[in-house]
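We use all heavy atoms of the structure for the numbers below, so side chains are in, but hydrogens, waters and symmetry mates are not. The shown structure was predicted, so the numbers you read here are calculated from the model rather than taken from an experiment.
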Amino acid sequence: MTPVLTAGPGLDFADLAAVGLAFLGLAVLAAIAALSNQRERAFSASIVYLALGLGAAALLGVLEIDWLDAVEDAAVVERLTEFAVIVSLFGAGLKLDRELRWRAWGSVARLLGLVMPLTIAAVAAYGATTMGLSLAAAIVLGAALAPTDPVLAGDVGVGPPDEEDEREPNFSITAEAGLNDGLAFPFVVLGLVLATGERDWGWEWALADVLYAIPAGLAIGAVVGWGLAALAVRLRARRFLATSFDGWIAVAAVLVIYGLAEIASTYGFLAAFAGGLAFRRHERGHELNARVHEGAEVTEKFAELGAILLVGTLATRGGLAEPGLAGWLLVPLLLLVVRPLAVLVAFAGSPLPLRERVFLGWFGVRGIGSLYYVAAAASVGSLAAPELSVVLWTTFACVAVSILVHGATGTPVTARTVGPRLRRSRRPGAGRRQGETTEPPWTSRTRSGSPRRP
């Protein structure tokens with residue numbers, strides 16, 4: 001029987017688990033330092049995470065330590081990236097105050113209805129003709145690389161609720177990232193279905209994966225998000241919930257929403273974003289919303305740290321060689337040509353100024369959501385192993401480059417294009433109900449001693 005303790009007499013080095021814990025502690029400290037005064041820094045904290053992950057990967061290679069395999073252990077990558085994305089989607093919904101009118105969301109409609117399909121088609125065509133992928137694998141690659149990422153797009157999107165004006169390009173980036181992760185899912189499913197070679201799949205895909213799963217996911221998110229907001233406010237008013245735990249409501253809410261949506265065979269990503277929107281709109285001026293957003297943001301940042309660290313540690317020389325020259329050429333083609341051109345085409349005739357169109361074209365941030373899609377495709381196992389490896393590592397290459405270039409240009413380009421972030425001007429007491437204070441409801445009491453209701 002192997003002993004539990006590995007310590008022996010005299011000097012003895014710790015096992016690898018202890019080394020991993022020490023590294024993780026240093027990574028968390030580095031994350032806290034990188035996130036401090038984030039908006040005043042010229043680079044994104046995600047660059048620091050990626051550098052730490054790649055450094056760990058290099059050390060693992062030098063020490064010849066067996067670690068997770070990007071393909072064989074895709075389920076681990078899938079679950080970790082899944083959690084990071086859904087928390088980010090819920091948080092993105094909480095940030096947005098704009099009315100749900102067609103004209104107000106016109107730019108988002110162009111990004112979703114034109115830019116995303118054009119990007120999927122362009123990447124799939126390149127994958128099939130230049131990279132030698134099958135049509136199924138090319139569609140999966142296009143669907144994985146088309147969405148902008150809600151986790152990383154937060155650096156150039158709108159800020160916390162009630163703290164700044166929703167300028168059009170920042171709003172469009174945030175809303176696009178909130179919705180296109182879920183809307184790309186039917187195309188991933190389409191590619192995986194084509195890979196199976198099944199016949200008569202068209203009607204089932206159109207009915208179940210498009211006409212049912214999309215609206216049902218949005219509906220579940222909206223209804224459950226609104227209901228959870230109403231429940232949280234009432235429980236706080238009756239002192240069943242302490243304000244110190246408001247931040248954890250975000251984690252609980254998004255897990256409930258996402259779980260119910262997945263149980264109903266709908267798109268949980270869409271439900272998570274719709275849930276954040278609905279939660280925000282139930283108590284727009286209530287202090288609960290800001291605290292829930294803070295909890296979502298903190299959880300999102302550390303989930304992002306874990307996801308990027310893990311992905312960085314998976315990098316190997318062999319893996320980075322998998323895309324080949326054609327795969328690596330896709331990265332600048334996507335970021336510098338496909339996305340910008342698709343945006344210019346989609347916004348033809350739009351009143352949006354040219355520099356803001358360029359802003360939208362440049363910040364097609366690829367990240368955690370793309371990695372989730374390829375990890376999910378690997379878990380399904382429909383694609384042939386050689387093609388799956390090419391799709392996975394091409395996506396990895398694109399995400400890594402996107403983190404570097406968009407993370408380094410986020411702050412300066414945003415300042416030049418749309419100006420520095422400005423706090424929204426508010427009259428004294430705006431955003432609160434009549435008679436409401438900024439204190440927790442049970443700290444302000446009437447003369448009778450009963451707690452004042454928020």
Side-chain angles (χ1 to χ4, degrees), residues 71 74 110-149 176-177 179-199 201-202 204-206 209-210 213-214 267 269 322-346 361 364-367 369-402:
V71 177
R110 291 173 184 258
L111 290 170
L112 297 173
L114 294 173
V115 174
M116 189 179 74
L118 287 174
T119 305
I120 293 174
V123 173
Y126 181 89
T129 58
T130 307
M131 298 177 63
L133 297 174
S134 66
L135 178 60
I139 291 176
V140 172
L141 179 62
L145 291 179
T148 51
D149 186 70
E176 179 199 12
L179 286 167
N180 65 7
D181 265 314
L183 293 177
F185 224 125
F187 296 96
V188 175
V189 174
L190 175 62
L192 296 177
V193 171
L194 286 174
T196 63
E198 294 181 4
R199 299 181 179 180
W201 51 267
E204 183 179 355
W205 175 78
D209 297 299
V210 179
I214 291 176
Y267 295 126
F269 285 176
E322 281 292 325
L325 179 60
W328 277 99
L329 285 177
L330 174 61
V331 177
L333 182 66
L334 173 63
L335 300 182
L336 300 178
V337 180
V338 174
R339 165 78 180 191
L341 282 181
V343 169
L344 292 178
V345 170
V365 186
R366 269 62 188 176
S370 297
L371 295 171
Y372 167 79
Y373 279 134
V374 293
S379 298
V380 172
S382 298
L383 297 179
E387 287 195 319
L388 176 61
S389 184
V390 171
V391 169
L392 189 150
W393 286 106
T394 302
T395 303
F396 177 93
C398 188
V399 169
V401 172
S402 180

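When atom types are taken as modelled, the side chain of R366 and the backbone of A146 share a donor-acceptor pair closer than 3.5 angstrom. Side-chain N or O atoms of T394 include none that pairs as donor or acceptor with a backbone N or O of V391 at under 3.5 Å. No side-chain donor-acceptor contact under 3.5 Å links E176 to the backbone of T148. Remark: side-chain polar atoms of D149 are paired, donor with acceptor, to backbone N or O of G369 under 3.5 angstrom. Listed for the Y126 side chain is no donor-acceptor partner under 3.5 Å among the backbone atoms of G142. Of the possible polar contacts, one joining the W205 side chain to the P186 backbone as a donor-acceptor pair under 3.5 Å is found.
In this structure, the side chains of L145 and T119 stay at 4.5 Å or more apart for every pair of heavy atoms. Looking only at side-chain heavy atoms (C-beta outward), T130 and L329 stay at 4.5 Å or farther from each other. Residues V345 and L114 fail the side-chain proximity criterion, which asks for heavy atoms closer than 4.5 Å. Side-chain contact between L141 and M131: present, with at least one pair of heavy atoms (C-beta onward) separated by less than 4.5 Å. Proximity of L334 to C398: side-chain heavy atoms (C-beta onward) are separated by under 4.5 Å at one or more points.
When all heavy atoms are compared, the tightest approach of V343 to G361 is CG2-CA, 3.7 Å. Shortest non-hydrogen contact noted between V374 and L388 is O-CD1, 4.4 Å. Nearest heavy-atom pair, R339 versus G364, reported as atom, atom and distance to 0.1 Å: NE-CA, 3.6 Å. The minimum heavy-atom distance linking L112 with N180 is given by the pair CD2-CB, 3.5 Å. Considering all non-hydrogen atoms of both residues, A136 and G191 come closest at CB-O, 3.2 Å. Taking all atoms of both residues into account, the shortest heavy-atom contact from A128 to A138 is N-CB, 3.8 Å.
Contacts of A184 classified as side chain to side chain contact (heavy atoms under 4.5 Å, CB included), with partners at least two apart in sequence or in another chain: M116, P147, Y373. Qualifying side-chain hydrogen bond (donor to acceptor under 3.5 Å, both in side chains) partners for S382, counting only residues two or more places apart in sequence or in other chains: none.
Between L118 atom CG and L111 atom CG the span is 11.0 Å, to the nearest 0.5 Å. To the nearest 0.5 Å, atom OG of residue S134 and atom CG of residue L383 are 6.5 Å apart. Note that CD1 of I120 and CD1 of I139 are 9.5 Å apart. Values are rounded to the nearest 0.5 Å.
Using cut-offs of 30° and 60° on the angle between ring planes, the pair Y267 and F185 is parallel.
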